[in-house]
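Data block below; observations after.
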Amino acid sequence: MAFIYMHDFLPYLWYEACFWVTGPAMTLGFSLRTEGMRHVPRTGPALLIANHQSFFDPDLVGLAARRHLRFLARKSLFRHKLFAWLIRSLQAVPIDHEGIGIDGIRDILDQLQAGRAVLVFPEGERTYDGKMSPLRAGVSLLIKRSQAPVVPVGIAGAYETWPRQRGFPIPAPLFLPEQLGTIAVSIGRPLDGRQLAELPREKLLADLFDELKKAHDRAERLRKRK
């Protein structure tokens, strides 16, 4: 474990407490399965990119990665004081819009330069139909400027559990027969950010999309495994 300064100790404990509460809750309530934790660098900068299926996604990736993550959240989510306090305490970084705009890029670069791990959803918003959308260009600029290791993360089943058209999730309890909403997260091997940074933008985005699609497909197989 990296050395923890005293002023970071209480946030660290709070993050750990949330991990140990939400982990069993997601496992028991939604049959969560994860794989690939070993692929997340334990120290130093790391950029985790994931497909975006539901409001659960930041929590799901945090549980699968085990490392403390920073993530971006729309400023509109900070309007409610209690919820704003909760997501700030879990290291959310407010941005003006969904996706990765200029303000988001600056915040992410600051976090990466400080040696932290950051989670982004390069599709820019939750899926409408469960399928992956083209990646937005902001992630390519982010990779070219940071050149940090890029870790692809696939999420499957979260859309079936909590699509954006529904106001609440449908559980898939662990000890009941297999259900549609079983959730899985698969973390792939890190990609060399320096090599990615040398690619033309369209090639970089296409390669990242392919890596995310592979991770998503692995997660799909994992959640359907008997």
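Numbers for residues simply follow the sequence, beginning at 1. The structure displayed is predicted, hence computed values, not measured ones.
For the atom pair CD1 (I105) and NZ (K144), the distance works out to 12.5 Å, reported to the nearest 0.5 Å. Once rounded to the nearest 0.5 Å, the distance linking CD of E125 with CD of E123 reads 8.5 Å. Note that the OG atom of S186 and the NZ atom of K214 stand 12.5 Å from one another [nearest 0.5 Å]. Within the model, atoms CG of L47 and CD1 of I49 stand 7.0 Å from one another, a figure rounded to the nearest 0.5 Å.
Closest heavy-atom contact between R201 and S140: CG-OG, 3.3 Å. Across all their heavy atoms, S146 and L112 have their closest contact at CB-CD1, 3.7 Å. Nearest approach of A184 to A219, heavy atoms of both residues: CB-O, 3.3 Å. P45 and P149 get closest at one heavy-atom pair: O-CD, 3.4 Å. Contact record, R166 with F168: CD-O, 2.8 Å, taken as the closest heavy-atom pair.
In this structure, the side chains of P122 and R136 stay at 4.5 Å or more apart for every pair of heavy atoms. Contact annotation: the side chain of F121 approaches that of L119 to within less than 4.5 Å [non-hydrogen atoms, C-beta and beyond].
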Exercise. Between V120 and L48, does a side chain to side chain contact (heavy atoms under 4.5 Å, CB included) hold up when you go through it step by step?
Worked result: CA-CA 6 Å; V120 300; L48 282 74; over 6 Å; no
Problem set entry | Steps toward side chain to side chain contact (heavy atoms under 4.5 Å, CB included) verdict (V139, V150) | CA-CA 11 Å; V139 70; V150 179; over 6 Å; no
For this session: Might you work through the side chain to side chain contact (heavy atoms under 4.5 Å, CB included) test for R42 and M37, ending with a clear yes or no?
Result: CA-CA 10 Å; R42 304 326 301 169; M37 180 182 70; 4.3 Å; yes
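Between the side chain of T161 and the backbone N or O of G181 there is at least one donor-acceptor pair closer than 3.5 Å. Checking side-chain atoms of T127 against main-chain N and O of M132 turns up no donor-acceptor pair under 3.5 Å.
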For residues 53-72, run the donor-acceptor check on the side chains, cut-off 3.5 Å, and write out each pair with its distance to 0.1 Å, sequence neighbours left out.
residue: Q53; atom: OE1; partner: G157; partner atom: N; Å: 3.4
residue: Q53; atom: OE1; partner: A158; partner atom: N; Å: 3.1
residue: Q53; atom: OE1; partner: Y159; partner atom: N; Å: 3.1
residue: Q53; atom: NE2; partner: I155; partner atom: O; Å: 3.3
residue: S54; atom: OG; partner: F56; partner atom: N; Å: 3.0
residue: S54; atom: OG; partner: D57; partner atom: OD1; Å: 3.2
residue: D57; atom: OD1; partner: S54; partner atom: N; Å: 3.3
residue: D57; atom: OD2; partner: H52; partner atom: ND1; Å: 2.7
residue: D57; atom: OD2; partner: Q53; partner atom: N; Å: 2.4
residue: D57; atom: OD2; partner: S54; partner atom: N; Å: 2.9
residue: D59; atom: OD1; partner: T22; partner atom: OG1; Å: 3.4
residue: R66; atom: NH1; partner: E16; partner atom: OE2; Å: 3.0
residue: R66; atom: NH2; partner: E16; partner atom: OE1; Å: 2.8
residue: R67; atom: NH1; partner: P41; partner atom: O; Å: 2.8
residue: R67; atom: NH1; partner: G44; partner atom: O; Å: 2.9
residue: R67; atom: NH2; partner: G44; partner atom: O; Å: 2.6
residue: R67; atom: NH2; partner: G115; partner atom: O; Å: 3.0
residue: H68; atom: NE2; partner: E16; partner atom: OE2; Å: 2.8
residue: R70; atom: NE; partner: Q111; partner atom: OE1; Å: 3.3
residue: R70; atom: NH1; partner: Q91; partner atom: OE1; Å: 3.1

Pair up each side-chain donor or acceptor in residues 189-199 with any protein partner under 3.5 Å, not counting sequence neighbours, and list the distances.
residue: D192; atom: OD1; partner: R194; partner atom: N; Å: 2.9
residue: D192; atom: OD1; partner: R194; partner atom: NE; Å: 3.4
residue: D192; atom: OD1; partner: Q195; partner atom: N; Å: 3.4

Residues 203-210 side chain polar contacts: donor-acceptor under 3.5 Å, at least two apart:
residue: K203; atom: NZ; partner: D207; partner atom: OD1; Å: 3.2

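A salt bridge links K213 with D217: the closest approach of a Lys/Arg side-chain nitrogen to an acidic carboxylate oxygen falls below 4.0 angstrom.
With sequence neighbours left out, R225 forms a side chain to side chain contact (heavy atoms under 4.5 Å, CB included) with R33, E35, L222. Legend: residues meeting side-chain hydrogen bond (donor to acceptor under 3.5 Å, both in side chains) with K224, ordered by chain and number and at least two apart, are absent. For L82, the side chain to side chain contact (heavy atoms under 4.5 Å, CB included) test picks out no residue, with sequence neighbours left out.
Linking ILVMFWY residues whenever their side-chain heavy atoms come closer than 4.5 Å, directly or via other members, leaves W85 and V21 in distinct clusters. Cluster annotation: I183 and L174 are assigned to distinct hydrophobic clusters (Ile/Leu/Val/Met/Phe/Trp/Tyr, side-chain heavy-atom contacts under 4.5 Å, transitive). Residues W14 and M26 are members of one and the same hydrophobic cluster, defined by side-chain heavy-atom contacts under 4.5 angstrom among Ile, Leu, Val, Met, Phe, Trp and Tyr.
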